[in-house]
There are 2 protein chains.
Amino acid sequence: MTFDPWRGFTQPQLTDDWHKKLTEMARICRGQILKMTTVAASGHPGGSMSSIETYLTLYNLANVDPKNPSRDDRDRIIVSHGHTSPGAYTALAAAGFFDIKPALHGFRQAGSPFEGHVERSVPGIEWDTGNLGQGLSVGIGKALYANLSGKNFHTWVLMGDGEQQKGQISEARRIAIKFGLSRLTAFIDFNGLQISGKITDVMPQHIKAEWEASGWQVIEIDGHDLRQLYDACYKAVHNSGAPILILTRTIMGKGVSFMENKEDYHGAALKIDQLDAALKELGGIENDVEELVRLRKNGPPPPFKTAHAPYPQVKAGDPIILGASDKSDNRSAFGKALVSVADANMSASGFVMAVFDCDLAKSVKTDGFAKKYPANFFQFGISEHSTAATAGALSAEQAVSVWADFGVFGIDETYNQARLSDINHSNVKLFCTHSGVNVGEDGKTHQCIDYFSVLNSTFGWKVITPADPNQTDRIVRYVLSTPGNFAVIMGRAVVSMVLDESGKPYFGESYRYRYGRMETIRKGEYLALVCAGNMLPYAMPAWERLNSEGKRITLMSVSDWSDLHPDDLKALSAYDHLVTLEDHNVKCGLGATVAAAMFEAGYSAKLTKIGVSGYAPSGTPDDLYRMIGIDADGVTKKINKLLQEARVLK
Amino acid sequence: MTFDPWRGFTQPQLTDDWHKKLTEMARICRGQILKMTTVAASGHPGGSMSSIETYLTLYNLANVDPKNPSRDDRDRIIVSHGHTSPGAYTALAAAGFFDIKPALHGFRQAGSPFEGHVERSVPGIEWDTGNLGQGLSVGIGKALYANLSGKNFHTWVLMGDGEQQKGQISEARRIAIKFGLSRLTAFIDFNGLQISGKITDVMPQHIKAEWEASGWQVIEIDGHDLRQLYDACYKAVHNSGAPILILTRTIMGKGVSFMENKEDYHGAALKIDQLDAALKELGGIENDVEELVRLRKNGPPPPFKTAHAPYPQVKAGDPIILGASDKSDNRSAFGKALVSVADANMSASGFVMAVFDCDLAKSVKTDGFAKKYPANFFQFGISEHSTAATAGALSAEQAVSVWADFGVFGIDETYNQARLSDINHSNVKLFCTHSGVNVGEDGKTHQCIDYFSVLNSTFGWKVITPADPNQTDRIVRYVLSTPGNFAVIMGRAVVSMVLDESGKPYFGESYRYRYGRMETIRKGEYLALVCAGNMLPYAMPAWERLNSEGKRITLMSVSDWSDLHPDDLKALSAYDHLVTLEDHNVKCGLGATVAAAMFEAGYSAKLTKIGVSGYAPSGTPDDLYRMIGIDADGVTKKINKLLQEARVLK
């Protein structure tokens with residue numbers, strides 16, 4: 001199925017017919033922008049009016065399909081300056097994506113799909129934005145998908161000019177150049193104003209020079225001239241060189257004399273009594289605002305049925321199981337499982353997989369994948385913010401999107417991108433090695449001891465802390481083959497395999513990973529040591545030592561802390577004393593979660609939390625664990641003391 | 001007291017004497033860099049050796065005082081590429097800041113001050129770095145302090161070349177230009193290599209062109225030529241134009257033939273058997289590594305006594321108290337209190353205060369301060385990452401450093417900068433307006449519903465959610481006059497004053513703010529409604545309605561959730577049923593914290609958590625609160641249902 005023939009900028013010039021049509025649409029849309037913001041008594045008319053010609057050109061003439069907005073071969077149009085949603089909504093409606101009426105009365109109304117910043121709930125919108133500086137990175141994710149999937153569609157990214165102050169854009173510019181993304185085209189709505197005034201006053205910036213310094217081609221045009229816009233888009237779709245930035249010189253509030261070049265209209269609607277004059281200036285557009293206000297009182301318009309790309313079918317491949325006496329690190333197990341899953345799927349038709357790296361492939365063990373699948377490996381350098389957004393955007397296509405990094409970069413540095421991925425229902429597979437105090441000699445700034453509490457602050461991210469290489473292997477396979485945003489947390493150190501009481505690998509042949517469930521590693525009495533998965537190899541020797549002294553406690557392991565299962569909580573309630581063990585800020589990790597869950601379930605028990613209570617210094621993981629008391633020795637001593645105090649199991 | 005006369009780059013040229021001394025120091029330092037990394041069996045020798053001439057030039061010839069490293073008028077030397085710590089430590093020692101021996105055997109040893117990445121625990125080190133891309137923003141904080149305090153010292157920022165890939169640097173570059181920081185000088189150690197190989201392969205970048213596009217002067221020199229380095233520094237201290245970047249062309253691993261230009265030595269130490277050959281090449285430096293290994297076994301060297309700048313004495317000024325029938329928003333109360341505190345202190349000699357804005361002054365209500373104290377107001381544009389780091393760096397001087405922004409930008413977008421400020425023991429005063437679902441029409445991407453769980457993932461940040469404008473005023477005064485990192489969380493909506501039972505403002509004349517304590521707003525029985533401070537204005541009408549129906553429950557308010565007081569927990573334990581109310585992700589906010597604290601204190605009770613259980617749409621705060629059931633109606637209904645189920649208080 002091809003797109004309508006006038007689409008795709010195939011004609012060398014804009015026809016007179018289209019010029020006339022688009023001109024009239026722009027006039028109508030301007031009126032609609034004013035109405036919808038006035039009815040909502042909020043919103044951003046100024047930038048919507050300055051970018052409306054760009055919106056109309058793209059939604060009418062790019063390869064998108066109003067009747068089938070989620071066609072997989074459509075051009076991707078990313079609205080980075082999400083606050084210009086009235087511009088996007090009215091242009092989408094003008095292009096036939098939906099009827100404009102509900103947007104006019106339901107804009108920014110609680111429950112309406114027409115939210116204040118653009119959301120994927122509206123047909124034609126590819127990504128929820130609003131936090132500025134994200135769009136170009138998102139566009140890169142789409143452009144990479146175009147290449148990897150062979151669909152070769154064009155990606156268009158619309159940005160504001162104040163937005164150019166965001167550092168992330170400079171990262172994305174370079175990445176686009178490095179990967180030769182000539183089918184990625186960016187626009188800047190260069191109206192010269194931001195909330196606080198002129199961009200030259202707020203933050204002087206040589207926008208054109210900066211983009212050129214990054215290697216982009218820059219085409220500067222009058223952004224209200226439809227022929228110039230068309231010509232620039234034509235060049236862009238026929239471009240095989242460096243990606244093109246179309247710098248559209250525009251006028252904020254364009255079309256209404258008393259709004260033009262006034263920063264006040266960046267983020268403020270006209271009052272009802274100003275609307276009449278404005279609509280008159282636009283060539284006598286009818287003022288039906290009273291009817292719209294009345295319709296608004298009936299409640300928000302209904303949601304659209306929007307279809308997102310399905311998560312790909314991913315074969316999990318065969319587990320790699322290490323023997324009882326093997327030693328390895330979890331990150332190596334991750335690296336091997338990643339290649340194994342790729343091997344099991346890469347030859348399948350239409351299967352798309354990308355692995356992102358930020359200058360740490362050898363450490364995070366994606367180097368094996370990079371060697372075997374160089375076309376699917378993307379070295380983004382020290383550009384974590386852009387990488388996080390790109391991985392998110394790609395993962396919302398029918399693709400497996402993997403990003404491996406140190407915990408501080410994959411989580412702490414880029415939390416907001418993770419939050420935005422969550423809002424966008426994406427499927428990022430994040431693998432964080434060098435997490436916890438386990439990062440060792442790199443010290444405080446590299447200690448990601450908040451991986452759970454930070455990502456658990458979203459609604460969708462699931463954080464999993466595998467115990468040993470065997471469990472890591474299973475969890476990597478689970479995560480890669482399951483929809484949703486997942487973070488797998490690994491330390492740096494080499495660990496022993498966890499064994500069952502018969503001396504065989506606990507996470508061996510017969511083990512099946514069950515998300516959200518605890519594993520009872522050893523069954524004992526009185527006291528249960530509940531340890532975070534990644535601490536299990538350190539808890540095992542503690543258990544052994546206590547056991548050899550005749551103190552048989554219970555040892556439980558939980559790799560995913562967020563969704564503790566009622567049955568597991570009930571099992572815990574059988575013990576007088578619970579001890580939690582974690583390589584995480586002890587204020588807000590496993591211990592706190594167990595405590596809250598037990599309280600809410602109505603259980604009581606003594607609780608002792610062992611974890612990280614301050615930034616640790618720089619040293620070997622073993623030394624640090626000993627120093628802060630979370631090693632086998634520390635745990636043994638602590639539990640012995642508790643048992644002594646309780647005068648049981650002596 | 002002046003610095004030693006040869007310091008400050010006062011002479012037009014490097015003397016032969018100094019050239020000889022520095023040349024010899026460089027040779028010795030290279031040997032020490034190799035020894036300390038080999039003894040630690042980890043660390044980053046390559047970049048340390050390429051930047052050693054820069055380190056030595058600055059620590060020996062800039063205005064710093066080895067005998068008094070915390071002199072307030074010293075030049076600030078910021079090491080942004082913190083992994084080159086061996087370079088910094090050996091150069092500091094060569095310049096007389098301390099004896100090198102403990103660093104040689106105690107590098108990267110658990111408990112040693114000589115950590116893997118530079119830390120303020122070492123005399124001469126200004127800022128803990130390691131996460132790249134932070135230093136220039138930190139330098140801006142120092143340079144602004146130089147201006148505001150009238151101390152006019154010079155600020156030097158040392159960076160790596162791979163580091164230039166971080167977007168935050170582009171933000172900082174523009175800010176430095178905007179504020180004419182000619183006494184800020186940056187260095188890039190341009191050795192052409194990063195962990196994964198050549199920077200031109202990892203992420204092609206036109207570094208010089210980018211800095212020039214931002215308006216910087218760029219001086220390109222041979223970074224191993226001490227005379228060129230001196231000349232560039234001389235130009236820098238006599239510069240009154242645009243700030244200068246000194247691009248030092250260097251060789252990774254410089255001085256040892258088999259290490260030169262090998263990226264493997266970015267982050268790997270020589271093996272013991274390679275060390276001999278290397279030390280020989282450096283002109284026969286003695287190999288005493290066996291002794292060093294022996295010394296290391298005695299444990300880490302002792303800490304230094306380092307003195308950080310004291311937090312300034314800040315007068316809290318007189319409270320502004322609104323009357324019982326007044327209505328206002330908390331952000332306006334913040335804006336007024338900020339000006340009031342400034343008024344009370346600004347004329348004091350040596351008092352330094354700065355307020356940072358990211359293009360939202362009118363919304364976050366710092367516009368009043370900006371108007372009255374324009375020299376102390378810094379408009380940084382849409383550059384939140386750089387702003388967060390600058391605010392942190394300034395706050396570590398004897399200065400009041402205020403940043404006001406929307407919650408999503410001040411917390412979610414810049415969490416890692418907040419974490420780095422925490423590690424650096426800074427004193428940032430962060431005021432987040434437009435937090436919670438209360439942000440309203442801006443919708444999902446603007447909903448900061450994780451302010452507590454995210455910042456509480458650090459050890460030091462304290463998060464406070466004031467109830468009404470009266471409490472906001474007290475809390476703003478408390479926060480500005482108290483050392484430490486604080487975040488004050490405010491919504492957008494106008495609220496009524498909270499009144500006591502006699503109808504007077506609860507947070508009136510006689511109110512004193514007590515950090516960490518709950519306020520018993522109304523005393524009742526059976527059920528306690530524990531509400532987050534910022535939800536109290538919404539809980540009050542619920543209480544009134546229940547009370548009018550003869551159901552007198554208890555209403556408690558808690559503005560700071562992290563450090564719940566044992567006495568308050570005990571008071572709560574008197575109730576059969578607790579209901580928590582928060583405009584925060586209900587998984588990880590007040591309810592979860594109360595649950596965990598109660599469990600740990602050994603209490604039991606039924607708990608019902610009312611909060612935000614998913615991203616809310618875009619709409620008025622009132623509509624959204626109603627829709628998600630956290631408004632007065634929703635709370636009343638919920639509590640009525642609970643009371644009915646319990647068959648009490650009917």
Side-chain angles (χ1 to χ4, degrees), chain A residues 42 108-111 115-117 130-132 162 165-168 170-171 174 178 194-196 202-206 209-210 213 359 381-383 385 412-413 415-416 419 423 441-446 450 453-454 456-457 459 588 592 595-596 598-600 604 607 614 617-619 623-624 627, chain B residues 42 108-111 115-117 128 130-132 162 165-168 170-171 174 178 194-196 202-206 209-210 213 359 381-383 412-413 415-416 419 423 441-446 450 453-454 456-457 459 588 592 595-596 598-600 604 607 614 617-619 623-624 627:
Chain A
S42 79
R108 290 183 160 230
Q109 186 174 24
E115 303 208 358
H117 292 84
N131 289 195
L132 295 170
Q165 291 153 19
K166 289 293 293 177
Q168 185 176 327
S170 72
E171 300 179 356
R174 286 178 217 117
K178 175 178 177 184
Q194 59 192 111
I195 299 178
S196 304
V202 174
M203 186 51 63
Q205 181 179 12
H206 308 287
E210 283 193 8
D359 196 25
I382 309 172
S383 308
H385 291 106
D412 298 332
E413 176 82 336
Y415 168 63
N416 199 39
R419 187 181 70 91
I423 291 174
E441 288 90 340
D442 279 337
K444 295 179 177 62
T445 57
H446 282 56
D450 47 11
S453 52
V454 167
N456 191 50
S457 298
F459 296 103
C588 51
M598 292 293 283
F599 184 79
E600 290 188 62
S604 64
L607 173 68
S618 155
D623 283 355
L624 296 176
M627 181 174 271
Chain B
S42 79
R108 288 183 161 232
Q109 186 173 23
E115 304 208 0
H117 292 83
D128 298 17
N131 288 194
L132 295 170
Q165 290 153 20
K166 289 293 292 178
Q168 185 176 328
S170 72
E171 299 179 357
R174 287 178 216 117
K178 175 178 177 184
Q194 60 191 110
I195 299 178
S196 304
V202 175
M203 186 51 62
Q205 181 178 12
H206 308 287
E210 282 193 9
D359 196 24
I382 308 172
S383 308
D412 298 332
E413 176 82 338
Y415 169 63
N416 199 38
R419 188 181 71 90
I423 291 174
E441 288 90 340
D442 279 337
K444 295 179 177 61
T445 57
H446 281 57
D450 47 11
S453 52
V454 167
N456 191 51
S457 298
F459 296 103
C588 52
M598 293 292 284
F599 183 79
E600 290 187 62
S604 64
L607 173 68
S618 157
D623 282 354
L624 296 176
M627 181 175 271

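- Using a 4.5 Å cut-off between heavy atoms, A:M627 contacts chain B through its side chain alone, with no backbone atom that close.
- For the salt bridge (charged side-chain N to carboxylate O under 4.0 Å, His left out) test, no residue two or more places apart in sequence or in another chain qualifies with B:D450.
- Taking B:D128, B:V454, B:D442 one by one and counting their heavy-atom pairs under 4.5 Å with chain A, the maximum is reached by B:D442.
- One distance of note links CZ of B:R108 with CG of A:D623; it measures 13.5 Å at 0.5 Å rounding.
- Heavy-atom distances place both the backbone and the side chain of B:E441 under 4.5 Å from chain A.
- Here B:H446 is the residue among B:H446, B:Q109, B:E600 with the most heavy-atom pairs under 4.5 Å with chain A.
- Contact count against chain A (heavy-atom pairs under 4.5 Å) is highest for B:A595 among B:A595, B:S42, B:G619.
- When A:G381, A:S457, A:A209 are compared by the number of non-hydrogen pairs under 4.5 Å with chain B, A:S457 comes out ahead.
- In this structure the side chain of B:Q194 reaches within 4.5 angstrom of the side chain of B:Q165, judged on heavy atoms.
- Proximity to chain A involves both the backbone and the side chain of B:S196, based on heavy atoms less than 4.5 angstrom apart.
- If you measure heavy-atom distances from A:S453 to chain B, the contacts under 4.5 Å come from both the backbone and the side chain.
- A:M598 is not listed as a side-chain neighbour of A:L607, based on a closest heavy-atom distance of 4.5 Å or more.
- Highest contact tally toward chain B, considering only A:N456, A:L132, A:L624, is held by A:N456 [criterion: heavy-atom pairs under 4.5 Å].
- Here B:A596 is the residue among B:A596, B:S383, B:G116 with the most heavy-atom pairs under 4.5 Å with chain A.
- When atom types are taken as modelled, the side chain of A:D412 and the backbone of B:N416 share no donor-acceptor pair closer than 3.5 angstrom.
- For A:E210, the salt bridge (charged side-chain N to carboxylate O under 4.0 Å, His left out) test picks out A:R173, B:R174, with sequence neighbours left out.
- Taking the six-membered ring for Trp and thresholds of 30 and 60 degrees, A:Y415 and B:Y415 have ring planes more than 60 degrees apart, a perpendicular arrangement.
- A:E413 pairs with exactly one of B:R419, B:Q168, B:K166 by the side chain to side chain donor-acceptor pair (under 3.5 Å) rule, that one being B:K166.
- The choice from B:E171, B:K444, B:H206 that makes the most heavy-atom pairs within less than 4.5 Å of chain A is B:K444.
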